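What follows is a short report on a single structure.
All of these numbers come straight from a predicted model, not from anything done at the bench.
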Amino acid sequence: MNNAVNKRTFQPEDLIPGNRKPKKYKKNLLTSPGTLTYIGPDVELKTKIRKIVYNDQIFRDQPVKSLLDCSPETSGKKAVTWLDVDGIHETTLIAKIGKLYQLHPLLLEDVVNTEHKPKLEIYDSGHLFLTLKMLHVDSESPICISAEHVSFVLGTDYLLSFQEELSNDIFTPVLERLQASVGKTRRNGADYLLFALMDIVIDNYFIVLEKLGDSLDTVEDQVIRGTEELSLKELYSLKRELTMARRVIWPLRDMINQLIREDNPLINKDTIPYLRDLYDHAMQVLDTIDSYRELVASLADVHLSTISNRMNSVMKTLTIFSAVFMPLTFIVGVYGMNFDNMPELRMHYGYYYVWGLMIAVTIGLIFYFKSKKWM
Amino acid sequence: MNNAVNKRTFQPEDLIPGNRKPKKYKKNLLTSPGTLTYIGPDVELKTKIRKIVYNDQIFRDQPVKSLLDCSPETSGKKAVTWLDVDGIHETTLIAKIGKLYQLHPLLLEDVVNTEHKPKLEIYDSGHLFLTLKMLHVDSESPICISAEHVSFVLGTDYLLSFQEELSNDIFTPVLERLQASVGKTRRNGADYLLFALMDIVIDNYFIVLEKLGDSLDTVEDQVIRGTEELSLKELYSLKRELTMARRVIWPLRDMINQLIREDNPLINKDTIPYLRDLYDHAMQVLDTIDSYRELVASLADVHLSTISNRMNSVMKTLTIFSAVFMPLTFIVGVYGMNFDNMPELRMHYGYYYVWGLMIAVTIGLIFYFKSKKWM
Amino acid sequence: MNNAVNKRTFQPEDLIPGNRKPKKYKKNLLTSPGTLTYIGPDVELKTKIRKIVYNDQIFRDQPVKSLLDCSPETSGKKAVTWLDVDGIHETTLIAKIGKLYQLHPLLLEDVVNTEHKPKLEIYDSGHLFLTLKMLHVDSESPICISAEHVSFVLGTDYLLSFQEELSNDIFTPVLERLQASVGKTRRNGADYLLFALMDIVIDNYFIVLEKLGDSLDTVEDQVIRGTEELSLKELYSLKRELTMARRVIWPLRDMINQLIREDNPLINKDTIPYLRDLYDHAMQVLDTIDSYRELVASLADVHLSTISNRMNSVMKTLTIFSAVFMPLTFIVGVYGMNFDNMPELRMHYGYYYVWGLMIAVTIGLIFYFKSKKWM
Amino acid sequence: MNNAVNKRTFQPEDLIPGNRKPKKYKKNLLTSPGTLTYIGPDVELKTKIRKIVYNDQIFRDQPVKSLLDCSPETSGKKAVTWLDVDGIHETTLIAKIGKLYQLHPLLLEDVVNTEHKPKLEIYDSGHLFLTLKMLHVDSESPICISAEHVSFVLGTDYLLSFQEELSNDIFTPVLERLQASVGKTRRNGADYLLFALMDIVIDNYFIVLEKLGDSLDTVEDQVIRGTEELSLKELYSLKRELTMARRVIWPLRDMINQLIREDNPLINKDTIPYLRDLYDHAMQVLDTIDSYRELVASLADVHLSTISNRMNSVMKTLTIFSAVFMPLTFIVGVYGMNFDNMPELRMHYGYYYVWGLMIAVTIGLIFYFKSKKWM
Amino acid sequence: MNNAVNKRTFQPEDLIPGNRKPKKYKKNLLTSPGTLTYIGPDVELKTKIRKIVYNDQIFRDQPVKSLLDCSPETSGKKAVTWLDVDGIHETTLIAKIGKLYQLHPLLLEDVVNTEHKPKLEIYDSGHLFLTLKMLHVDSESPICISAEHVSFVLGTDYLLSFQEELSNDIFTPVLERLQASVGKTRRNGADYLLFALMDIVIDNYFIVLEKLGDSLDTVEDQVIRGTEELSLKELYSLKRELTMARRVIWPLRDMINQLIREDNPLINKDTIPYLRDLYDHAMQVLDTIDSYRELVASLADVHLSTISNRMNSVMKTLTIFSAVFMPLTFIVGVYGMNFDNMPELRMHYGYYYVWGLMIAVTIGLIFYFKSKKWM
């Protein structure tokens with residue numbers, strides 16, 4: 001699958017050296033800041049660009065062929081231009097688009113730097129830059145999540161969106177909604193479009209959470225039943241994915257809050273309630289992640305004390321066996337001695353007396369261990 | 001029991017995959033935001049709506065039959081209208097009520113989203129939205145708490161209340177107080193009614209806490225006595241319920257504080273002291289939860305070191321048995337050898353000398369272990 | 001002792017279900033807020049009320065017989081009235097006193113709610129309400145602390161004090177100081193009296209701390225010497241008392257700070273330095289509690305690794321015994337076999353050779369274990 | 001050494017009950033606030049007072065004989081008066097000095113209260129009170145630090161310094177600098193003198209830290225080499241000293257910051273950079289303490305897992321011995337049986353065959369344990 | 001390598017006492033504050049100074065021979081002077097340079113104090129002081145990082161940079177960029193140069209992180225495979241280096257933020273976006289360090305439970321061996337007894353019956369342990 005190559009996943013194979021580190025930064029050292037360097041995995045597919053122009057009356061969706069098609073719409077009627085760039089490895093192309101929209105080179109650096117943390121930056125030149133992470137579940141057991149770098153540039157009447165991944169465009173539902181009917185999305189401006197796309201990303205977090213929850217349930221089940229010892233490694237892989245997800249989602253809280261609070265002319269007042277709703281959803285995601293993290297920690301504790309308990313029961317078994325058979329072996333050893341003068345050996349029922357003694361010792365010890373609740 | 005089906009409880013069965021996750025969010029993905037989606041368990045009962053109109057003179061309580069009955073009271077005399085909606089699964093009905101009172105679609109989304117965290121939102125359009133969780137104890141051993149989603153919309157002279165559950169209306173005591181006498185509740189406005197209902201919810205937390213405290217006492221008793229190993233799992237189930245309760249109650253702190261601080265025209269000055277009292281009670285609940293959580297953590301530590309201690313005592317028993325019987329078995333082994341020339345075997349009292357030696361060895365070892373305090 | 005019944009202590013018996021929970025809240029559920037409900041232990045003694053009127057010239061101390069005596073002093077000369085109410089279980093009495101001084105019903109609710117956390121509330125009606133906890137040491141081994149609910153209402157020229165306990169009035173020293181001489185206390189107003197009473201409460205914390213410190217020293221001694229295994233439970237009972245004390249003292253920090261910061265007409269400027277001193281003392285108490293808590297945590301760690309170390313030494317003993325005697329037992333077993341053709345058995349010094357071999361094996365193993373530092 | 005008696009050190013002997021508690025507070029209970037009570041160890045030496053008057057031209061250093069000599073300098077020329085009081089157990093003397101400089105009784109209470117935490121207080125009456133702790137290393141193995149209570153009162157042209165200890169005056173270097181040359185210290189005011197003295201105290205912390213670092217290195221070395229089991233107790237004594245030092249140094253951060261931030265007329269603008277430097281040094285001390293604390297925590301972990309590892313290796317040895325010798329002992333036991341009809345016993349090479357069998361079993365088991373990496 | 005001597009690294013050898021402590025502070029005690037004291041390792045090489053003067057037209061790079069060459073450029077044309085001082089052990093030289101640029105003695109003290117934490121200070125006299133740490137990887141297994149003390153003084157048209165190390169000048173890339181072309185660096189002022197140099201330092205952190213990441217991967221691999229017990233010490237050495245790196249990088253966050261926020265005339269508005277970018281990179285470094293730290297903590301947990309698991313399996317093996325062979329040894333012991341009257345011994349097939357019994361017992365026990373999942 002070409003797609004899988006393309007993702008920065010945290011799979012068990014990552015445990016083998018050489019995979020999960022901030023990469024290729026050495027290149028960057030001698031270049032002056034603001035030079036675009038794509039540091040994601042090598043990709044061979046071509047960047048796909050789509051330009052959608054719409055308002056409550058018109059709707060035009062055209063695949064972009066030359067760079068000229070990318071330029072901002074300057075026709076008379078007020079319409080929203082959405083330029084959806086799918087693929088960020090062709091840095092020269094990104095640089096050219098950036099020039100068309102007069103974007104700062106440092107902004108473009110953040111668009112192609114797939115290691116960049118989510119952030120929101122408001123530029124004086126009248127646009128707003130926002131980058132976040134789309135999460136995908138790559139495999140379910142052990143769970144493994146990949147993060148896709150997604151960036152937005154919001155202007156007064158345009159929105160640029162950049163996606164790292166080449167296949168399965170996650171913004172399709174919004175596109176369909178735009179196409180389908182003259183709904184809220186069509187009637188509102190570029191800021192509402194930004195909201196709608198962010199909403200898709202956050203809704204997607206719930207799907208990922210559901211998968212994580214399923215994995216957690218499986219592991220929890222194993223831990224409670226105390227079955228295999230495999231569960232420990234799965235527990236820590238779960239913990240790792242949760243930590244990664246939290247790290248990536250946490251900054252959203254502040255970003256959306258900043259969008260709501262700051263009196264930005266790019267954000268329409270009517271969009272604010274929707275952003276507030278988005279904020280609530282982000283909080284709900286974080287809350288669930290935190291409760292999962294706590295659960296993982298509790299499970300690790302339960303697991304450790306299950307091991308201790310089991311060790312305890314192993315030790316008890318050993319002790320009971322030893323304590324019962326050692327005296328018996330000693331007794332039979334006594335009558336295996338070859339002394340010339342051992343009166344018991346000559347007694348007619350000596351052998352049976354010894355059996356009687358041994359049975360008595362055994363019963364006594366068993367009562368003793370029962371009284372100590374070891375059996 | 002139809003009722004039990006209806007609750008999102010955290011029972012041991014939840015440990016089996018598939019139960020305790022944010023559900024059915026996938027549906028939501030293609031719908032535009034603001035579309036109402038009920039995500040709780042499937043319910044077949046009909047929504048019950050009750051409309052109560054009262055002031056210090058009048059009191060009318062009427063079950064609502066058609067949607068028209070739900071509309072806000074516009075009669076001349078100043079009275080409070082309380083619309084109590086019992087059941088939130090019929091989203092179309094909720095949407096219609098929302099329209100009557102001009103509520104924002106996103107507000108209604110939060111009314112039916114049973115996974116939503118408690119929050120307070122003040123709308124410019126002159127009403128205030130508040131959602132919180134009612135807690136119920138479903139079973140006592142192992143303790144298991146269910147959370148019911150409750151929402152309020154407060155306007156100048158009306159209060160809408162939405163409850164997730166269909167049976168046992170928790171607001172009955174307030175209704176009876178309204179009915180019974182011309183007390184504080186009747187004389188004051190809709191804001192006091194909101195307070196009275198929230199007060200019921202928080203008073204209810206104390207009952208839940210009492211049950212949790214009982215469970216904790218039982219577990220504590222088991223841990224201190226060091227009896228069964230079952231206690232560990234009960235300990236972690238307790239921890240889980242406490243964490244859940246805390247998560248659900250914690251936001252109340254800020255919500256009530258915001259009601260007190262903000263100079264909202266909907267909140268009468270005379271109601272402020274009562275809200276402050278409510279705040280104190282919420283803090284008391286949280287404080288008790290925190291002390292229970294600390295106790296649970298301490299008990300887990302005590303439990304673990306009890307296990308260690310017990311292992312220690314098992315090991316000592318084993319060591320004493322081995323250390324006493326191994327030398328004895330060796331001695332009797334020596335005289336079980338078949339060498340032709342073993343002078344001791346020919347001695348007349350050889351056998352008795354060996355017994356003497358063995359008794360001496362045993363006494364010596366017992367003294368040694370006594371001196372090491374292993375016995 | 002009738003007194004002991006009267007206290008909410010945290011004794012080992014509390015570990016048995018049914019004792020240490022927020023109680024009787026169920027009663028409250030149907031009553032409207034502001035209804036006084038005493039939730040402490042049942043008490044049969046009568047409430048004792050004392051009314052002291054003083055300024056730098058006069059001093060009158062009279063036991064109150066009828067409710068009329070409780071009314072605020074309205075005589076011409078400026079004097080401070082101190083009404084000391086000893087016992088808060090007679091809620092109707094409290095309600096009547098409240099009416100005399102025009103206190104809000106919610107304030108009175110906090111006076112009788114013995115579970116209420118320490119808090120400070122400033123009422124617009126010109127008085128200030130403050131509630132805190134007096135700590136008493138009930139038994140010293142295991143340490144067990146009880147908390148007494150104490151409340152103050154400060155007006156311009158009066159101070160009401162409410163104590164939960166019926167016996168040993170803790171305010172006696174202040175009373176004696178008032179009676180004895182025309183000192184600072186007599187010359188200053190009701191605010192200084194409040195300070196003096198709070199000072200008594202906080203000084204008392206030091207006595208409690210000293211007792212806790214003694215207990216801690218005993219336990220520390222046990223842990224370091226590694227003697228009995230009883231220490232663990234005492235350690236956790238200490239931790240519990242420290243946690244309880246901290247919870248009860250912590251809010252004082254903010255309360256006193258608020259008294260200092262806020263420009264309240266009830267608090268004279270000359271009293272501020274004394275309050276600042278009080279603040280320092282409260283901080284010192286909290287600081288000591290925190291260092292004790294850290295010490296308890298460290299001791300628990302030392303205790304656990306002492307157990308591990310001891311287990312280690314038990315295991316070594318077992319291993320040395322087994323490793324020495326197993327080969328020896330095997331050797332004697334070999335020559336206990338009954339084969340017809342075993343040349344060694346026929347050798348004249350065979351028996352002695354075997355002894356030589358066994359001694360060599362033993363010495364070899366002992367050297368081996370010495371080299372491994374197991375002996 | 002009389003001096004040692006005089007210090008509140010935290011030595012292993014402190015583990016024995018009765019030493020390290022806030023003391024003699026009981027006395028205080030009946031005295032009204034502001035009464036001076038010295039609570040440090042009993043001291044018999046006399047308080048030494050020194051009065052130094054200087055400016056860039058003059059320098060007078062005189063031992064104070066009568067209380068009159070202590071009075072503030074009121075001569076015409078502008079000079080700084082430094083009154084260095086060495087010994088704070090003579091509370092009446094301190095009270096008299098306090099009167100001369102019109103100090104608040106509560107301030108004096110803090111001067112003699114050797115348990116008081118470091119703090120800064122700015123009095124309206126135009127002086128500034130500051131108390132901190134000088135640290136001394138009393139013994140190096142196990143490390144043990146004592147804290148000396150030092151207080152300063154800064155006026156416009158005077159500085160009072162109070163030291164708990166009677167011997168080795170730590171301020172000598174500053175005195176020598178004053179005496180030696182007309183340097184910065186002589187040219188500047190009382191505020192610079194305060195800085196110079198505080199600088200001495202903080203520089204001294206570095207010496208203490210160096211000693212702590214040495215101790216830590218020794219313990220670390222022991223832990224890493226895994227030698228003796230003594231290291232654990234030294235580790236916890238180190239932790240304790242570090243915690244104590246941190247508690248005592250931490251408040252300095254805020255105190256110096258407050259001196260820098262607040263626009264106090266007592267602090268000259270030129271002194272601010274020096275205070276900022278002091279702040280940096282205090283931060284550096286705290287930073288080092290924190291890194292030491294983290295190291296101690298890590299070492300405790302390493303220590304615990306070293307114990308676990310060692311236990312593991314003990315268990316493996318035991319298991320290998322048992323697993324090898326038990327089958328062998330069983331085999332020789334078989335041929336020690338006395339059945340009439342045991343064909344093997346009659347075989348001519350039976351004995352040798354059995355040896356062959358036993359060697360094969362042993363080799364097999366050794367290979368098995370090698371494959372499991374237990375050897 | 002002369003260079004290695006020169007670095008304060010944290011190598012395993014540091015575990016031996018005497019290396020890693022704040023040093024030579026004793027010297028400082030009697031000197032007055034502001035006296036320069038170099039406390040790094042002794043260095044014999046001479047300080048290298050380089051003076052570069054440039055603007056968009058000119059570029060002069062001259063090695064400095066006499067102190068006069070160091071003086072600020074006062075020629076008519078507006079140009080940036082960069083004085084790069086390589087070596088800070090010659091304190092008198094540093095003091096002289098400081099005088100030329102009118103720097104405060106305390107600032108110079110921080111330049112030569114190699115133990116000083118990163119900080120930013122803005123002087124009223126119109127320059128800005130900034131010190132940070134360059135990190136170098138000295139050896140890769142076990143990882144060991146050294147910190148180089150780097151300071152900057154930024155004036156309106158000059159930048160002084162001080163480096164602790166004598167060899168491999170880390171600022172070469174910036175110098176080459178300046179030399180090579182008339183790029184951004186040449187066109188902008190001294191503030192941009194400061195940014196470019198800080199950018200080099202932070203880019204370098206990524207290289208160090210990559211090495212740490214490699215080490216972490218190796219250790220993780222060892223832990224997961226559960227191979228050698230060496231991994232524990234490497235884990236803790238990793239933790240230590242991460243803690244050190246964090247401590248050194250953390251203050252950068254605030255420093256850069258302060259540069260951005262404060263309206264400093266030294267910082268050009270066009271440089272702000274670059275500083276913001278720098279801030280993002282610093283955050284990314286800290287974020288990676290934190291995730292590495294969490295990973296190290298998780299690995300320590302995995303390691304500990306791997307040990308527990310292994311111990312468990314060792315114990316099981318021991319128990320199974322003991323439980324199987326003890327009954328067998330007992331049985332053969334029974335028939336090794338020498339009683340005259342033991343009917344079984346006389347039975348013709350007695351020996352075979354006993355073998356049958358022993359096989360039955362063994363199979364029974366194996367089934368029992370299989371049912372307990374111990375095999």
Side-chain angles (χ1 to χ4, degrees), chain A residues 14-23 25-26 28-30 32-34 104 106 109-110 115-117 119 121 229 232-233 236 239-240 243-244 247 300 303-304 307-308 310-311 314-315 317-318 321-322 324-326 328-329 332-333 335-338 342 344-351 354, chain E residues 173 176-177 183-185 195-196 199-200 203-204 206-207 209-210 213-214 217-218 220-221 224 273-274 276-278 280 283-284 287-288 290-291 294-295 298 301-302 304-306 308-309 311-312 315-316 318-319 322-323 326-327 329-330 333-334 336-343 372-374:
Chain A
D14 279 332
L15 304 178
I16 309 311
N19 297 22
R20 200 183 5 85
K21 295 149 295 174
K23 278 205 197 98
Y25 261 89
K26 257 173 293 187
N28 228 352
L29 263 188
L30 297 188
S32 79
H104 197 283
L106 291 172
E109 209 187 72
D110 294 344
E115 293 292 339
H116 207 290
K117 280 177 54 174
K119 78 161 178 182
E121 205 146 355
E229 62 181 82
L232 184 76
K233 265 158 216 173
Y236 282 103
K239 193 180 166 190
R240 202 170 163 164
T243 304
M244 191 274 270
R247 196 180 303 283
H303 181 77
L304 275 174
I307 290 181
S308 289
R310 219 182 292 160
M311 185 106 85
V314 170
M315 291 304 305
T317 308
L318 174 60
F321 264 95
S322 302
V324 167
F325 282 105
M326 279 178 142
L328 299 185
T329 303
V332 299
Y335 296 105
M337 291 196 290
N338 297 319
M342 282 180 70
E344 297 98 319
L345 295 180
R346 309 296 151 230
M347 289 162 72
H348 195 254
Y349 295 108
Y351 178 51
V354 167
Chain E
E176 282 169 4
R177 228 148 67 207
K184 257 175 287 182
T185 326
F195 153 73
D199 193 47
I200 289 271
D203 275 359
N204 193 50
F206 284 101
I207 297 173
L209 271 189
E210 200 174 0
D214 285 350
D217 285 338
T218 316
E220 191 177 36
D221 193 37
I224 297 293
Y274 292 95
R276 212 135 53 183
D277 195 51
L278 211 62
D280 282 355
M283 287 307 288
Q284 199 173 329
D287 203 52
T288 309
D290 282 348
S291 72
E294 254 180 70
L295 201 52
S298 291
D301 286 353
V302 174
L304 275 174
S305 60
T306 305
S308 289
N309 268 325
M311 185 107 87
N312 222 346
M315 293 302 306
K316 277 179 194 165
L318 173 60
T319 303
S322 303
M326 279 179 140
T329 303
F330 164 69
V334 166
M337 289 196 291
N338 297 318
F339 283 99
D340 285 353
N341 179 20
M342 282 180 71
K372 277 200 151 187
K373 299 211 174 147
W374 289 7

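- Two residues are said to be in side-chain contact when any heavy atoms from C-beta on lie closer than 4.5 Å; E:Met283 and A:His116 fail this criterion.
- The six-membered or imidazole ring of E:Tyr274 lies near that of A:His104, with a centre-to-centre distance under 6.0 Å.
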Report the C-alpha distance between A:Glu109 and E:Arg276 in whole Å, list the side-chain angles of each, state the deciding distance to 0.1 Å, and finish with yes or no for salt bridge (Lys or Arg N to Asp or Glu O under 4.0 Å).
CA-CA 13 Å; A:Glu109 209 187 72; E:Arg276 212 135 53 183; over 6 Å; no
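- Here CD of E:Gln284 is found 10.0 Å from NZ of A:Lys119. Values are rounded to the nearest 0.5 Å.
- For a residue to count as touching a neighbouring chain, one of its non-hydrogen atoms must lie under 4.5 Å from one of that chain's; by this rule A:Val354 touches chain E with the side chain only.
- Distance check: A:His348 NE2 to E:Phe339 CZ gives 12.5 Å after rounding to the nearest 0.5 Å.
- The NZ atom of A:Lys239 sits 3.5 Å away from atom OG of E:Ser298, with the distance rounded to the nearest 0.5 Å.
- Most heavy-atom pairs under 4.5 Å with chain A, from the set E:Pro273, E:Pro327, E:Ser291: that is E:Pro327.
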Does the pair A:Glu344 and E:Met337 meet the rule for a side-chain contact (heavy atoms from CB on, under 4.5 Å), with working shown?
CA-CA 11 Å; A:Glu344 297 98 319; E:Met337 289 196 291; over 6 Å; no
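- Residue contact with chain E, scored on non-hydrogen atoms closer than 4.5 Å, involves the backbone and the side chain of A:Phe321 alike.
- The shortest distance between side-chain heavy atoms of A:Met326 and E:Met326 falls below 4.5 Å.
- Residues A:Tyr335 and E:Asn338 have side chains not in contact (no heavy-atom distance under 4.5 Å, counting atoms from C-beta outward).
- Summarising the geometry, atom CE belonging to A:Met311 is positioned 7.0 Å from atom CE belonging to E:Met315; distances are rounded to the nearest 0.5 Å.
- Counting heavy atoms from C-beta on, the side chains of E:Lys372 and A:Thr317 come closer than 4.5 Å.
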Salt bridge (Lys or Arg N to Asp or Glu O under 4.0 Å) evaluation trace for E:Asp280 with A:Lys117
CA-CA 8 Å; E:Asp280 282 355; A:Lys117 280 177 54 174; over 6 Å; no
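- Contact tally against chain A (heavy-atom pairs below 4.5 Å) for E:Leu318, E:Leu278, E:Asp340: the top residue is E:Asp340.
- Within the 4.5 Å cutoff, the side chain of E:Leu295 has no heavy atoms near those of the A:Thr243 side chain.
- Between atom NZ of residue E:Lys373 and atom CZ of residue A:Arg310 there is a gap of 9.5 Å, rounded to the nearest 0.5 Å.
- For the pair A:Tyr236 and E:Asp301, the tightest heavy-atom approach, listed with the atom from each and the gap, is OH-CB, 3.1 Å.
- Per-residue counts of heavy-atom pairs under 4.5 Å with chain E were compared for A:Ser322, A:Gly333, A:Ser308; the largest is that of A:Ser322.
- Heavy atoms only, all atoms of each residue included: A:Val332 and E:Phe330 are closest at CG1-CE1, 3.7 Å.
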